[in-house]
S.K.: 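First the structure, then my questions, so here it is.
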Amino acid sequence: MASLCRRGASAALRAAVLESFGARLLGLDAIGARAASTAAGPYKPSDTVDVEIVRKKGIDLIHDPLFNKGTAFPVPERERLELRGLLPKKCLTMQGQVDRFMEDYAYGRTYIDPKHVSDGGVTPDHVRRWKVLQELQDRNETLFYRILLDNFVEMAPIVYTPTVGWACLNFHKLYRRPRGMYFCSTDKGEMASMVWNWPGNDVDAIVVTDGSRILGLGDLGINGLGIPIGKLDLYVAAAGFSPGRILPVVVDVGTNNRHLKDDPLYLGLSKERMSGPEFYEIMDELVKALMGRYPQAVLQFEDFNMAHAAPLLERYRDHHLCFNDDIQGTAATAVAGVYGALRVQGKSNKELAQQRIVLVGAGSAGTGVARMLALGMVKQGLSYEEATSNFWVLDAEGLVTVKREKQLSESVEPFARKTQADPEGEKLADTVKRVKPTVLIGLAGAGKLFTEEILVAMGEHNERPIIMPMSNPTHRMECNAEEAQKATGGRTIFASGSPCNDVEYEGRVISSSQANNLYIFPGLALGAHLGATRVITDEMLMAAAEALGDCIPEEDLDKDIVYPRLKDIRYVSMIVAKRVMRMAYDMGHLHSFAAKKALEISDEELELYVKDHMWEPVYKPLVNLPVGVQE
Ligand SMILES: NC(=O)C1=CN([C@@H]2O[C@H](COP(=O)(O)OP(=O)(O)OC[C@H]3O[C@@H](n4cnc5c(N)ncnc54)[C@H](OP(=O)(O)O)[C@@H]3O)[C@@H](O)[C@H]2O)C=CC1
Ligand SMILES: CC(=O)C(=O)O
Ligand SMILES: [Mg+2]
């Protein structure tokens, strides 16, 4: 069925769905939000207001961030839940709390010494804002997510890349209170019982890392837990997972980061990283423990190094509801971005098959992206071998060819160049000049690889070069938007892993887009979770990629924007989830009876189904009161 957002589709219908999202984002309470969905379709609960079951009272309730409302506890709840005297007299509305918080967030009272900020692209003010937000999350999650969702464009770079990179680098110094679970190789044999220490009986999404390749920052050991936390913040804000039903996990198998190992403040194992069969034994036990207690949860593997990322995915993907975000989420993101860029050029998805793609970084992300773009070309009629011949892939040793002496990994091997014309180990600049690619993608995490010379060459060979420096965080990107536009006379269609400002060039403002898997993983996981799909297949990922591409409004394509606006992230996640569920259904992987029913009725019905299963950051009543008393 046609997407609501496809070019030429009914703008009015799309606007109506967006508007109904907007109504929620603008602060309709639970009752109002339900009324909105009631008007639109049959997924309506009754007129009664659900009372949240909370087993705590008094100070314990205030100290539980999942239920705490702080100064917004209404008088009846203060009376019935033994809160009187524990809070200032004045009861604020949630909006009143938002206003107080935003003042602190925007102007700040904490001074951060610039010398404590070591990560390029992250300023002391980013760090201050990150701290203010963390403190709020530790106190009151509902308010935190309300604010994060309503200010997503401003705050995603704070809770996520690039600032989360700084937080991971400094995690051992910043650690104050626990969030998520820590498993260690020394816990071998105990994990199945340890997992029962987690307080939640229901978990819908788990993100796990071993910290071995955090963004482009390398091995950060258990400091890497900041990434599952940041990713799951986006699960909640972007896709409406419930904050009480997510679980960030780090598995400590040592670290090869000498600085951390030698640092007395480091909180993980100070020994060399484990590998080989021992590593897989630990992972098998961990996955079994997590899935044993939470068999319905989606498991996202995140930021595992190249040696383990693909093998772990292959180990579990056929019989677990899991995916690797760096390999698969990034791949779907890149496909959507290239489709978007082709449409900016006035071309259709079909012309993917005609692209010549140079891709720097032959790791988990790079080879995942190459494979999925190749599968996209296969969809347009090429054989897989023909498709792979459109790629030139480089790693730290230069162009990868079949002449490479060291053994190539299974994921790189299909992309190794086979012709005499392709010199083994060729430098990027030479490859770009020789091959004249239409698309240049960076996923090496090595900083400024797209030099002026390379960018100029891209501009010489293409009327509208497509340039995607996708590495993270900001200072590991291959180039920034300004460099790309300057070198190509403002003609680049640009998308980067971490956010870049739009560029002013010769009196024009040229848009920059963000090519980050944050557009895919929340909606993909939501679709898989709601559809109880049990596995996540290539077809579901391709459906997610196409859905994402279709979400770009016509008027944004005219401004060279190749991804949807971040302010519409919940809408995007809903569309991605919907298309993932539809594909799962077509492939016989949709096992949720309710989702199947909604899907069989109509596309709109399915959208409402997805929307109504998204958690909303609004205060729910904690005691039974007549409707209206809560606010
Ligand atoms: N935008 C997004 O959504 C995403 C971005 N990323 C980013 O992609 C980057 C890579 O991630 P991932 O693939 O998992 O990492 P890996 O460690 O698996 O792979 C890195 C690859 O880059 C190559 N490389 C390193 N230095 C250079 C260099 N100087 N010139 C050319 N190639 C080089 C490595 O080659 P060799 O093996 O020879 O050392 C390797 O092939 C990170 O910065 C990460 O943040 C990842 C996922 C999503
Ligand atoms: C975005 C992401 O997943 C990464 O940079 O690793
Ligand atoms: Mg990642």
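One-based numbering, in listed order, for ligands and for the atoms of each.
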S.K.: Have a look at Gly363, Ala309, Gly398 and point out the one with the heavy atom closest to atom 19 (O) of ligand 1.
M.R.: Gly363
S.K.: Can you report which non-hydrogen protein atom sits closest to atom 5 (O) of ligand 2, along with the distance?
M.R.: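 Among all protein heavy atoms, the one nearest atom 5 (O) of ligand 2 is Asn472 ND2, 2.8 Å.
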S.K.: Quick one: does Asn517 get within less than 4.0 Å of ligand 2, heavy atoms only?
M.R.: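 Yes, Asn517 has a heavy atom closer than 4.0 Å to ligand 2.
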S.K.: Mind checking whether Ile214 and Asn223 have side chains closer than 4.5 Å, heavy atoms only?
M.R.: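 No. Closest side-chain heavy atoms not under 4.5 Å.
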S.K.: As an exercise, identify every atom of ligand 2 less than 4.0 angstrom from a heavy atom of Asp326.
M.R.: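 With Asp326 as reference, the close atoms of ligand 2 come out as 2 (C), 3 (O), 4 (C), 6 (O).
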S.K.: Under 4.0 angstrom from ligand 1, any heavy atom of Thr333?
M.R.: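 No heavy atom of Thr333 comes that close to ligand 1.
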S.K.: Just let me know how Thr330 lines up against ligand 2, side chain, backbone, both or neither, with a heavy-atom cut-off below 4.0 Å.
M.R.: neither
S.K.: Using a 4.0 Å cut-off to any heavy atom of Asp325, which atoms of ligand 2 qualify?
M.R.: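 Those of ligand 2 that fall under 4.0 Å from Asp325 are 3 (O).
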S.K.: Does Trp392 have Arg417 sitting over its ring (NZ/CZ under 6.0 Å from centre, angle to axis within 45°)?
M.R.: yes
S.K.: Given Ala444, Ser498, Pro469, which one has a non-hydrogen atom that is nearest to atom 24 (N) of ligand 1?
M.R.: Ala444
S.K.: Give a yes or no on whether a salt bridge exists between Asp263 and Lys173, defined as a side-chain N under 4.0 angstrom from a carboxylate O.
M.R.: no
S.K.: Please say whether Asn517 places an N or O atom under 3.5 Å from an N or O atom belonging to ligand 1.
M.R.: yes
S.K.: Is a donor from one side chain sitting under 3.5 angstrom from an acceptor on the other, for Asp204 and Tyr294?
M.R.: no
S.K.: Out of Ala365, Ala515, Ser409, Ala446, whose heavy atom sits nearest atom 13 (O) of ligand 1?
M.R.: Ala365
S.K.: Check each heavy atom of Ile214 against ligand 2 and say whether those closer than 4.0 Å belong to the side chain, the backbone, both or neither.
M.R.: neither
S.K.: Considering both backbone and side-chain atoms of Glu397, is one of its nitrogen or oxygen atoms within less than 3.5 Å of a nitrogen or oxygen in ligand 1?
M.R.: no
S.K.: Any N/O/S atom of Asp326 sitting less than 2.8 Å from the Mg ion (ligand 3), backbone or side chain?
M.R.: yes
S.K.: State whether Glu453 and Lys433 are salt-bridged, where the test is any N-O pair (Lys NZ or Arg NE/NH1/NH2 against Asp/Glu carboxylate O) under 4.0 Å.
M.R.: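 Yes, Glu453 and Lys433 are salt-bridged.
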S.K.: With a cut-off of 4.0 Å, which atoms of ligand 2 are near a heavy atom of Arg213?
M.R.: 6 (O)
S.K.: Check the side chains of Asp219 and Thr255 for a donor-acceptor pair under 3.5 angstrom, ignoring hydrogens and angles.
M.R.: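 Result is yes, a qualifying pair exists.
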S.K.: For a 4.5 angstrom cut-off between non-hydrogen side-chain atoms, does Met306 reach Ser409?
M.R.: no
S.K.: Could you check whether any heavy atom of Glu302 sits closer than 4.0 Å to an atom of ligand 2, since that is the contact criterion I want to use?
M.R.: yes
S.K.: Provide the number and element of each atom of ligand 2 under 4.0 Å from a heavy atom of Asp303.
M.R.: 6 (O)
S.K.: Quick one about Asp210 and Ser212 (side-chain donor to acceptor, distance below 3.5 Å, no hydrogens or angles considered), yes or no?
M.R.: yes
S.K.: Please confirm whether Arg213 approaches ligand 1 to less than 4.0 Å, judged on its heavy atoms.
M.R.: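 Heavy atoms of Arg213 do come under 4.0 Å of ligand 1.
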S.K.: Test of understanding: given a 4.0 Å heavy-atom threshold, classify the contact between Tyr160 and ligand 2 as side chain, backbone, both, or neither.
M.R.: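 Side chain only; the backbone of Tyr160 stays clear of ligand 2.
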S.K.: Could you say whether the N/O atoms of Ala362 and ligand 1 ever approach to under 3.5 Å?
M.R.: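 In this structure, Ala362 places an N or O atom under 3.5 Å from an N or O of ligand 1.
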S.K.: Measuring from the heavy atoms of Asn305, does anything fall under 4.0 Å of ligand 1?
M.R.: no
S.K.: Would you say the ring centers of His308 and Tyr280 fall short of 6.0 Å from each other?
M.R.: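 Centroid separation for His308 and Tyr280: below 6.0 Å.
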S.K.: Pick one of side chain, backbone, both or neither for how Asp303 approaches ligand 1, counting any non-hydrogen atom pair under 4.0 Å.
M.R.: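 Within the 4.0 Å criterion, Asp303 makes no contact with ligand 1.
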S.K.: Identify, for atom 6 (N) of ligand 1, the protein heavy atom at the shortest distance, and state residue, atom and that distance.
M.R.: Leu443 CD2, 3.7 Å
S.K.: Salt bridge or not between Glu546 and Lys379? Use side-chain N to carboxylate O under 4.0 Å.
M.R.: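 Judged by the 4.0 Å cut-off on N to carboxylate O distance, Glu546 and Lys379 do form a salt bridge.
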